[in-house]
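All values below were derived from every heavy atom in this structure, side-chain atoms included, with hydrogens, water molecules and symmetry-related copies excluded. The residues of the chain are indexed from 1 along the displayed sequence. Just so we're clear, the structure is a prediction, and the values are computed from it rather than from any experiment.
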Amino acid sequence: MAGGKKGTGKKGSGGKSGAKGKRGGAKRPPASVPPMRKPPTARAAPRAFPRRPLKPHAAPAKPAAAPAKLGLGKYDLHLGRNPANFVPLTPLQFLERAAATFPGRPSVVHGKRRYTWGETYERARRLASALAKRGIRKGATVAVMAPNIPELYEAHFGVPMTGAVLNALNTRLNAKEIAFILAHGETEFIFCDTELSPIIKGALAELKRDIPVIDIVDSEGPGGERIGETDYESFLAGGDPDYAWYWPDDEWDSITLNYTSGTTGNPKGVVYSHRGAALSALINPLVWSMPQNAVYLWTLPMFHCNGWTFPWTMAAMCGTNVCLRRISAETIYKAVAEEKVTHLCGAPTVLGFIINAKPAEKRSFAHTCNIMTAAAPPPPSILEGVEKAGFTVTHVYGLTEVYGPATICAWNPEWDALDSVDRARLKSRQGVRYPLAEGLMVADAKTLEPVPRDGQTLGEVFLRGNMTMKGYLKNPKATDDAFAGGWFHTGDLGVWHPDGYIELKDRSKDIIISGGENISTIEVESVIYRHPAVLECAVVARPDEKWGETPCAFVTLKEGMSATEKDIVDFCRQHLAGFKCPKTVIFGALPKTSTGKVQKFVLRDKAKGL
């Protein structure tokens with residue numbers, strides 16, 4: 001990074017000319033990368049890529065106290081933090097670096113729309129500037145209602161560049177649910193894709209208060225009613241491409257707000273910090289061995305845990321984001337083949353698209369495509385099928401509260417010698433903690449005493465470390481409960497294997513207790529998935545006068561295939577103890593949440609009514 005003369009005592013933009021707490025300001029020698037725009041005439045020519053600000057460390061570092069003071073020694077003497085050795089972490093810096101390093105490389109691809117890193121950085125700064133002109137500043141909440149398109153990607157940088165907090169709205173929620181989120185998050189500004197405008201229009205009617213709306217008119221979308229005061233591109237045109245953006249005063253400052261699924265009531269607002277987002281974004285490529293300039297396909301919704309922080313990861317890796325407005329087997333295969341996609345993420349639903357694709361939907365490709373999958377543990381049969389289709393699968397586990405994935409089934413090379421069935425069985429485990437997750441354990445839910453590593457004893461999964469949320473917005477009791485005992489309580493039940501890998505067995509509320517015996521619905525589902533006619537399945541408890549509860553299976557069959565209740569039960573008896581086999585089998589489509597998770601609470605209600 002180019003700098004001023006040595007011995008001046010200044011760093012970065014330095015001096016009084018730098019905008020306090022923001023990027024940009026004073027002049028510097030010409031950058032090696034040519035400026036992407038004409039400098040504004042109203043002020044001094046800006047840097048093409050401004051440096052770090054002084055605001056978080058404007059005051060000179062105080063000398064350490066004398067060694068005579070208790071607890072201090074030679075390693076405490078005049079070795080304090082200062083602007084040269086400490087800067088608050090933020091993922092926003094990744095975009096600046098990508099634009100400086102690879103300004104002409106493709107950053108975002110969306111149909112016919114193509115952007116470079118230089119352009120994406122400029123658009124993000126225009127967005128931040130335009131928002132700032134409307135009074136959006138630190139502490140404000142800005143919501144975006146859009147599918148995986150460039151505008152939502154840009155918002156992951158442009159909104160926090162003002163100091164505000166981004167709330168990427170779940171596009172599959174209804175107007176009433178969105179209204180709750182807008183009210184709870186105290187949203188001050190909304191960007192809305194025109195296809196989704198009826199939902200926002202309905203939500204605003206529920207709220208009975210005005211919130212400024214800007215329409216996103218996607219050239220690759222179906223269109224829709226415009227309810228905003230202007231469109232996104234016009235809004236950007238009013239922003240300054242050289243905007244001196246806000247670097248956080250403290251890396252604990254909030255960067256985004258995400259809401260949980262809310263299957264049993266109103267959702268909780270999970271708050272992420274700049275620090276957690278930066279660390280999570282950097283650890284993603286490390287655990288996945290993702291190379292620089294990777295090509296990433298957006299099959300995972302960006303509204304879900306901010307796309308597991310991959311918007312920032314891709315900027316850090318200077319890769320290419322391939323947007324996908326509609327997810328299907330055809331669009332996935334097309335993107336992998338034509339855009340040379342190397343990486344994608346998603347729930348087992350995405351894996352199902354791949355292995356159940358019709359011949360006309362499939363495309364051949366010569367390179368390796370890596371898939372990171374989470375949510376419900378993928379049945380070994382699905383993992384085996386995806387592997388045979390030419391994809392390499394990495395299994396991770398996490399929750400909204402830990403920025404997405406926090407454990408990974410780290411692959412042991414010795415397992416390569418196993419057959420495909422055993423490899424898939426091992427790969428379906430949730431694995432070990434991420435390098436930046438300080439702690440992972442399976443323990444007693446009340447005493448927090450770790451269970452034996454025997455692969456049998458059931459306990460709750462606990463996590464802690466730098467990749468854990470700040471807490472739940474305006475919900476101190478839920479935050480305290482979640483962090484009781486100094487650990488984050490996941491609510492997931494699992495076992496700890498002798499090799500240190502964990503394996504989920506169920507959510508605590510999903511365990512079936514039949515005649516005093518615990519039955520893991522995941523174990524039963526894994527067997528049913530192996531039946532050749534089964535596309536999807538879910539198992540829940542059905543009340544039983546004799547046994548208390550018995551397994552009830554809800555099954556979706558593959559197109560053109562058939563099976564009876566007896567077929568499914570007999571198949572299970574070949575692989576499970578009798579008491580674990582379903583006593584009831586219901587055929588039909590499975591209800592799902594907006595992120596592809598099966599809504600078991602709906603199925604439990606159905607089972608109770610049988």
Side-chain angles (χ1 to χ4, degrees), residues 49 89-111 113-125 127 144 146-161 166 168 255-256 258 272 274 276-325 327 332 335-336 339-346 350 367-374 394 396 403-405 434 467:
F49 304 105
L89 290 173
T90 177
L92 304 182
Q93 69 190 92
F94 305 154
L95 176 56
E96 176 199 14
R97 179 183 177 274
T101 309
F102 297 107
R105 285 193 63 87
S107 58
V108 181
V109 172
H110 184 45
R113 296 166 61 188
R114 308 270 159 155
Y115 299 103
T116 65
W117 281 114
E119 290 168 336
T120 295
Y121 183 42
E122 180 177 319
R123 287 171 64 83
R125 293 170 78 184
L127 174 59
V144 180
N148 288 349
I149 56 177
E151 290 79 0
L152 181 52
Y153 185 82
E154 293 162 4
H156 277 79
F157 298 91
V159 171
M161 278 179 171
L166 171 67
I255 187 170
T256 58
N258 294 280
Y272 290 171
H274 280 260
L279 292 175
S280 179
L282 289 175
I283 207 65
N284 281 332
L286 178 63
V287 299
W288 208 7
S289 299
M290 176 184 272
Q292 182 173 268
N293 305 138
V295 181
Y296 181 83
L297 180 63
W298 277 104
T299 46
L300 175 73
M302 285 189 220
F303 65 68
H304 183 51
C305 310
N306 297 114
W308 297 351
T309 72
F310 271 94
W312 302 305
T313 294
M314 292 309 296
M317 302 309 292
C318 305
T320 301
N321 297 272
V322 180
C323 294
L324 202 57
R325 189 180 179 99
I327 299 173
I332 292 172
V336 171
E339 301 293 346
K340 302 296 186 291
V341 169
T342 59
H343 295 76
L344 63 91
C345 296
V350 174
H367 65 285
T368 299
C369 185
N370 302 278
I371 302 177
M372 182 177 279
T373 187
T394 297
V396 295
Y403 294 78
Y434 270 28
M467 294 172 59

Nearest heavy-atom neighbours spanning [X] and [Y]:
X	Y	result
L166	A155	CD2-O, 3.8 Å
A335	V322	CB-CG1, 4.5 Å
P160	I255	CB-CG1, 3.7 Å
G158	L127	CA-CD2, 4.0 Å
F157	A315	CZ-CB, 3.8 Å
Y272	G404	OH-N, 4.1 Å

From [X] atom [atom1] to [Y] atom [atom2], the distance as rounded to the nearest 0.5 Å:
X	Y	atom1	atom2	value
H156	L95	NE2	CG	12.5 Å
M290	M314	CE	CE	5.0 Å
F310	L344	CZ	CG	10.0 Å
N148	F303	CG	CZ	8.0 Å
F102	W117	CZ	CH2	11.0 Å
L282	T313	CG	OG1	7.0 Å

Side-chain contact, heavy-atom cut-off 4.5 Å: [X] with [Y]?
X	Y	result
V108	C323	yes
W288	P405	no
M302	I149	no
V350	T373	no
C369	V341	yes
M317	Y296	no
M161	L92	yes

For this session: Test T120 against Y153 for side chain to side chain contact (heavy atoms under 4.5 Å, CB included), laying out the working first.
Result: CA-CA 9 Å; T120 295; Y153 185 82; 4.2 Å; yes

Exercise. Step by step, would you call S280 with W308 a side chain to side chain contact (heavy atoms under 4.5 Å, CB included)?
Worked result: CA-CA 8 Å; S280 179; W308 297 351; over 6 Å; no

Donor-acceptor contact present, side-chain [X] to main-chain [Y], <3.5 Å:
X	Y	result
N370	T342	yes
T90	H274	no
T320	S107	no
N306	Y403	no
N293	C318	yes

For this session: Examine the side chains of W298 and N321 and answer whether a donor and an acceptor come within less than 3.5 Å of each other.
Result: yes

Exercise. Would T309 and N284 count as having a side-chain donor-acceptor pair, cut-off 3.5 Å?
Worked result: yes

For this session: May I ask you to check whether over 12 heavy atoms, not counting those of R325, lie within 6.0 Å of atom CZ?
Result: yes

Exercise. With a distance cut-off below 6.0 Å to the six-membered ring centre and an angular limit of 45° from the axis, does R113 pair with Y115 as a cation-pi contact?
Worked result: no

For this session: Evaluate side chain to side chain contact (heavy atoms under 4.5 Å, CB included) for Y434 paired with L286, printing each intermediate quantity in order.
Result: CA-CA 9 Å; Y434 270 28; L286 178 63; over 6 Å; no

